[in-house]
Amino acid sequence: MSEIEREAMEYDVVIVGAGPAGLSAAIRLKQLDSELNVVVLEKGSEVGAHILSGAVLDPCGLDALMPDWKEKGAPLNTPVKQDNFYMLGEAGEIRVPNFPMPPLMNNHGNYIVSMGNVCRWMAEQAEELGVEIFPGMACSELVYGDNGEVKGVVAGVFGLEEDGSFGPNTEPGMELHGKYVFLSEGVRGSLAKEVIAKYNLQDGKEPQKFGLGMKEIWEVDPAKHNEGEVTHTMGWPLGSNAGGGSFIYHLENNQVFVGFVVHLNYKNPHLFPYMEFQRFKHHPKIADLLEGGKRVAYGARAISEGGYQSMPKMVAPGVALLGCSVGMVNVPRIKGNHNAMLSGKAAAEAAFGAIKADRSGDELSDYEIDVRSGEIGKDLKKVRNVKPIWSKWGLTASLMLGGLDMWTNTLGFSLFGTVKHGKNDAEATEEASKHKPIDYPKPDGKLSFDRLTNVSFSMTNHEESQPCHLRLADENVPLAVNLPKFAEPAQRYCPAGVYEVVEEEGKDTRFVMNFQNCVHCKTCDIKDPSQNITWVTPQGGDGPNYPNM
Ligand SMILES: Cc1cc2nc3c(=O)[nH]c(=O)nc-3n(C[C@H](O)[C@H](O)[C@H](O)COP(=O)(O)OP(=O)(O)OC[C@H]3O[C@@H](n4cnc5c(N)ncnc54)[C@H](O)[C@@H]3O)c2cc1C
């Protein structure tokens with residue numbers, strides 16, 4: 001592919017990904033100098049099509065970027081007015097009072113938003129400032145300069161043959177070169193992964209950790225809807241099988257975001273995160289809210305959970321990693337959008353300074369300093385031990401010791417120092433023989449749904465004749481290693497039913513990848529116990545088409 005002749009376009013800054021991080025960077029660059037040439041490339045069919053976030057938004061990122069966001073019509077319409085936290089048992093719940101929680105957990109002043117819509121609005125602001133935004137343009141390769149620096153990306157390759165070769169209908173795409181390239185691909189970015197490996201950016205840091213977030217939008221009975229209500233739960237149905245919990249956010253128009261996160265460091269390969277989510281909705285408290293309503297959308301996405309100690313070095317020659325390509329989620333708050341925005345702003349300011357000083361293609365170290373010692377670092381440092389304490393000692397310890405640690409960190413010290421995460425999530429998976437299979441109830445089609453029916457509510461679409469974008473390093477591993485050792489967990493951890501082991505009488509067992517179903521969550525790239533699957537981007541415009549997630 002690299003020998004293909006392509007047209008090249010020159011920019012000051014090339015930004016990959018139109019999420020909150022990339023769009024904030026674009027806006028800030030143009031605020032600082034309207035003459036800068038800035039381009040944003042987005043693989044979704046439109047801005048927002050691949051954004052799945054919740055979300056309760058802490059507006060501190062927007063405040064810093066555009067203090068007049070309210071006058072400019074930002075779609076932050078639902079202030080949080082009630083914050084509930086429950087521990088669930090199978091048939092009941094205990095309300096955890098708000099007063100012992102450290103102040104950082106308080107949602108007062110935050111908004112329930114569709115991040116897809118917030119990104120659409122941010123894109124309009126960016127375009128008004130003169131940023132060029134190209135949706136439907138997947139960035140599939142990095143372009144390196146003579147000195148080994150990142151100098152650009154290849155975007156817009158369409159119509160490859162099934163085996164990856166060029167055919168009569170192939171469009172080779174183009175190279176977009178920049179003085180600096182920003183990778184704001186979100187969690188487990190495919191180009192960011194290459195950059196982290198090439199420049200050894202994770203060296204000396206803890207491994208990145210992840211969760212799998214699944215979400216449905218429900219329209220509920222108006223009598224049960226309480227605009228502005230935010231609820232988080234822990235406990236049932238996961239119990240001690242895995243860390244995680246749910247979120248239920250009442251937004252406008254009688255809609256409710258119902259989401260469930262499963263930490264991907266679970267040991268039992270029989271665990272089926274999607275079915276845990278479906279089962280959760282049958283808890284009497286949740287069922288009562290949803291009964292009589294209808295599910296209107298479904299999606300899934302990994303969420304970064306390593307926090308402060310897992311952030312890789314975020315700059316290398318010519319390139320900077322932004323937002324969740326670094327991993328900037330504050331785990332106990334389940335919030336990363338504010339830090340994504342702040343990181344975009346910080347990267348833009350560093351690049352602006354460098355370009356004014358006639359620099360290009362070098363490391364934007366000022367950006368890294370800003371992230372680690374500024375607002376983002378402060379936000380993440382306070383909560384750095386919550387996730388590893390949870391992983392090591394379980395939910396109750398995490399509530400007590402993690403809570404204590406957040407309090408002491410708020411006062412400026414920690415009794416624990418910095419707790420290590422240990423293994424990465426793939427390595428955390430144990431052999432199937434050590435664990436019992438889990439019996440999940442069949443979805444009832446009213447509150448719970450089978451996976452493929454739900455995937456159709458993500459409006460996912462992939463051109464079928466292109467190469468499969470899920471690359472196996474060794475195609476024998478799924479059946480020769482993962483099946484006997486781990487009961488091939490890809491069949492269960494994928495929230496879109498991409499992976500199947502097909503056993504038919506009289507035929508050889510087959511491992512099938514229905515890549516057309518992929519919702520771009522990246523879980524397979526993270527959780528495969530043999531680390532044999534690499535997620536690369538399919539052609540632009542493919543993937544989910546989320547309405548207002
Ligand atoms: C279920 C769930 C719930 C969450 N809830 C909240 C919440 O309530 N509040 C909160 O603040 N945070 C929440 N988060 C975290 C939040 O979503 C992230 O912190 C945030 O999305 C990070 O922003 P980003 O710009 O770095 O990446 P993203 O928002 O993921 O945006 C990345 C963009 O880049 C595009 N892209 C990726 N690769 C390429 C490529 N190669 N070429 C072109 N385009 C590409 C993607 O399509 C996407 O549009 C939640 C996350 C999940 C999964």
Side-chain angles (χ1 to χ4, degrees), residues 14-25 40-61 80 107 110-116 118-119 122-123 134-142 153-156 182-194 210-216 230 232 244 246-247 249 257-262 277 299-305 321-331 333-341 343-344 469 495 520-523 535-544 546 549:
V14 173
I15 302 177
V16 179
L23 291 168
S24 299
V40 181
L41 303 149
E42 167 55 49
K43 67 179 163 62
S45 59
E46 54 155 349
V47 172
H50 291 182
I51 298 291
L52 176 126
S53 181
V56 172
L57 179 67
D58 177 341
C60 67
V80 176
N107 270 316
N110 297 334
Y111 294 81
I112 301 173
V113 298
S114 149
M115 268 318 283
V118 170
C119 288
M122 289 179 79
F134 297 115
M137 291 284 272
C139 301
S140 47
E141 280 181 63
L142 291 162
V153 293
V154 173
F182 288 176
L183 298 180
S184 41
E185 300 174 284
V187 60
R188 198 66 161 195
S190 44
L191 300 181
K193 190 179 162 189
E194 180 179 325
F210 302 90
L212 166 61
M214 294 152 286
K215 191 175 126 193
E216 293 170 358
V230 163
H232 290 107
S246 82
F247 58 88
Y249 303 153
F257 292 138
V258 182
F260 200 79
V261 176
V262 177
F277 176 30
R301 182 85 166 97
I303 178 167
S304 64
E305 293 186 339
L321 312 183
L322 277 57
C324 276
S325 289
V326 175
M328 297 183 177
V329 170
N330 180 317
V331 175
R333 299 178 76 204
I334 332 179
K335 287 187 187 60
N337 287 306
H338 60 301
N339 285 337
M341 291 177 185
S343 80
H469 64 279
H520 298 199
C521 74
K522 318 270 179 86
T523 300
W535 190 101
V536 300
T537 184
Q539 68 183 31
D542 284 358
Y546 296 136
M549 298 288 245

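Note that ligands are numbered from 1 as they come in the structure, with each ligand's atoms numbered from 1 the same way. For this chain, numbers begin at 1 and follow the sequence in order.
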Non-hydrogen atom of M137 closer than 4.0 Å to ligand 1: yes
Could you establish whether P20 and ligand 1 come within less than 4.0 Å of each other, counting only heavy atoms on the residue side? yes
Show the atoms of ligand 1 that are less than 4.0 angstrom away from any heavy atom in C324. 18 (C), 19 (O), 22 (C), 26 (O)
Kindly indicate, with the supporting measurements, whether the criterion side chain to side chain contact (heavy atoms under 4.5 Å, CB included) is fulfilled by N337 and D58. CA-CA 8 Å; N337 287 306; D58 177 341; over 6 Å; no
Less than 4.0 Å is my threshold; does some heavy atom of G48 fall inside it relative to ligand 1? no
Using a 4.0 Å cutoff against the non-hydrogen atoms of G323, which atoms of ligand 1 qualify? 26 (O)
Would you call W535 and H520 a side-chain contact if the rule is heavy atoms closer than 4.5 Å? yes
If hydrogens are left out, which of G211, S190, G213 has an atom nearest to atom 1 (C) of ligand 1, that is, the closest non-hydrogen atom? G213
Backbone or side-chain N or O of L322 under 3.5 Å from ligand 1 N or O: no
Sorted by chain and number, sequence neighbours left out, side-chain contact (heavy atoms from CB on, under 4.5 Å) with A138 holds for K43, T537
Region of N337 that comes within reach of ligand 1 [heavy atoms, distance under 4.0 Å]: both
Just say parallel, tilted or perpendicular for the rings of Y249 and H232, cut-offs at 30° and 60°. perpendicular
Please check: side-chain N/O of E216 versus main-chain N/O of V258, any donor-acceptor pairing under 3.5 Å? no
With a cut-off of 4.0 Å, which atoms of ligand 1 are near a heavy atom of V56? 7 (C), 8 (O), 9 (N), 10 (C), 11 (O)
Hey, is M328 touching ligand 1 through its side chain, its backbone, both or neither, going by heavy atoms under 4.0 Å? neither
Note: ligand 1 atoms sitting under 4.0 Å from heavy atoms of I51 are 29 (O), 31 (O), 49 (O)
Purely on distance, is any nitrogen or oxygen of I303 under 3.5 Å from one on ligand 1? no
Any N or O of T537 that comes nearer than 3.5 Å to an N or O of ligand 1? no
Heavy-atom distances under 4.0 Å decide this one: backbone, side chain, both or neither, for A55 against ligand 1? both
Please identify which atoms of ligand 1 are closer than 4.0 Å to at least one heavy atom of A21. 25 (O), 26 (O)
Proximity flag L57 to ligand 1, non-hydrogen atoms under 4.0 Å: no
For A340, counting its heavy atoms only, list the atoms of ligand 1 lying under 4.0 Å from any of them. 22 (C), 23 (O)
Under 4.0 Å between heavy atoms, the region of H50 that gets near ligand 1 turns out to be side chain
Evaluate G22 for polar contact with ligand 1, using N/O atom pairs at a separation under 3.5 Å. no
Between T523, I303, V262, V187, which is the residue that forms a side-chain contact (heavy atoms from CB on, under 4.5 Å) with F210? V187
Side chain, backbone, both or neither: which applies to S184 and ligand 1 if a contact is any heavy-atom pair less than 4.0 Å apart? backbone
Using heavy-atom distances, let me know which of K215, K335, E185 sits nearest atom 32 (C) of ligand 1. E185
Could you see which bit of A302 sits under 4.0 Å from ligand 1, with heavy atoms only: side chain, backbone, both or neither? backbone
